[in-house]
Amino acid sequence: MYTAEEFKKQYKSANQTDLSKAKAVMDIIHEVQERGDDALIDYARQFDGVELDSDQLEVPIAEMRKAYNELDSDLRDALEEAYKQIYKYQESIKWSTMPKSELYQNIQPLNRIGIYVPGGKASYPSTVLMTATLANVAGVRETIIVTPPQPGGINKTTLAACFIAQVDHVYQSGGAQGIAAMAYGTETIPKVDKIVGPGNQYVALAKKLVYGDVGIDSIAGPSEIVLVVDETANEEWVALDVLAQAEHDEMARTFLISTNKEKLAAVEAEIDKQKLKQSRLSVINGSLKDHHYPILTSGKRETIEIVNLIAGEHVSIQTKNAEEYISEIKTAGALFIGPYSPEAIGDYVAGPSHVLPTNGNARFANGLTVNDFLRTNSVIQLKKETFQKMAPFGMRIAKEEELQAHHDSLAVRWKEEEK
């Protein structure tokens, strides 16, 4: 257990991208640029242990439809309901076209977006829904997904989620090579305008290196949760919230904060009890051993200070009058307020995307929304009388900057109107 002062002295945000891997990732990107599909096939053999022909890189729509039709009805209903809830929420926050005046924003969807869906340690149909649905709401013309090939084929539930979310194309290519394929295009995989979605360190570093040639959402690091609890919190519920985060992978980080020392101890004891029931115990143990932080604070002010210092991906407040924290927490990817808003509900069906800033990036970034799939351009359409009022100010600034042509471009019109 840490005191707040001890935690502040030793806390460092996680290493988001290991730059020692940069040369390897750059070599992969270069190979994909130079050799296209042949490089993807070689890397599928080398990294994934899967033999592919060039005509197998794309998964047929018919295979997605088949996976959807073969789902158990309860799972199909759950995925469909999640899709509807995500769509409804994102539609409610979508930018709308401003009324046309002399100055306004023209809003257009991106043309083609690429989504990276992890497929190594677990399958993530929820990531499909939490990304592709947003593209649908935005009106993106074409949505593609790349995901690592698997010896037994791509997870069927993931393919069914692609069908539900109306994904146009699914390609079997993972890691840095999948990112490079979307950034630069190959014979089979088209170049996209923007890449979104989480991945491992190689994926994160590849996104960082191709940014500028293509848009990206963010550089994702280890998943994390900050839980603030008091004497009213249910110990079993909180313990399971910690374990739900820890089971993602060994690098997942969990922060448990309270002003009540006895509550912290009780939750820690419950974590030890509940983890023995979990199927991913080895992963959980790895996460808890190196990346779990129980923190004792002196009061609400210090609690808020620590929460804002961490700037966590997920921040769960399970205290009396939990809503009082909303205005005080300035850095969080997403807030989960009260005992009936666990982080896991946000992972699947609440509506907001679970693609969120990690590693302290909530200081300056927000979670993925429909608006990340839209772009705006300003439209300036001035009336003569408006120009007449504005031009002298622009002319004076241009003169100060010694940009004669700028000045004259305004002056020639202004003088013409003065005649």
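As the structure is a prediction and not an experimental result, all values here were calculated from the model. Below, each value reflects all heavy atoms present in this structure, side chains not excepted, and no hydrogens, waters or symmetry copies.
At a cut-off of 3.5 Å, with distance as the only test, a side-chain donor of Gln166 or Tyr83 sits close to an acceptor on the other residue. A donor and an acceptor atom, one from each side chain of Gln90 and Asn371, are nowhere located under 3.5 Å apart. When only modelled atom types and interatomic distance are considered, Asp37 and Ser54 share no side-chain donor-acceptor pair under 3.5 Å. Remark: the Glu343 side chain and the His354 side chain contain no N/O donor-acceptor pair separated by less than 3.5 Å. A side-chain donor-acceptor contact under 3.5 Å links Glu313 and Ser223. Side-chain contact annotation: Gln318 with Ser316, donor-acceptor N/O pair under 3.5 Å present. No hydrogens or angles considered: a donor-acceptor pair under 3.5 Å links the side chains of His292 and Glu268. Asn136 and Tyr87 share no donor-acceptor pair across their side chains, judged by distance under 3.5 Å alone.
At distances below 3.5 Å, at least one donor-acceptor pair connects side-chain atoms of Glu302 with backbone N or O atoms of Ser298. In terms of modelled atom types and a separation under 3.5 Å, the side chain of Asn155 and the main chain of Thr158 share a donor-acceptor contact.
Between Phe163 and Tyr68, the ring planes are tilted. Angles from 30° to 60° get that label. Using bins of under 30°, 30° to 60° and over 60° for the plane-to-plane angle, the ring pair Phe255/Tyr293 lands in the parallel bin.
The side-chain tip of Lys300 points at the ring of Tyr325 from less than 6.0 angstrom away and within 45° of straight on.
Taking the centre of each ring, Phe373 and Trp95 stay at or above the 6.0 Å mark.
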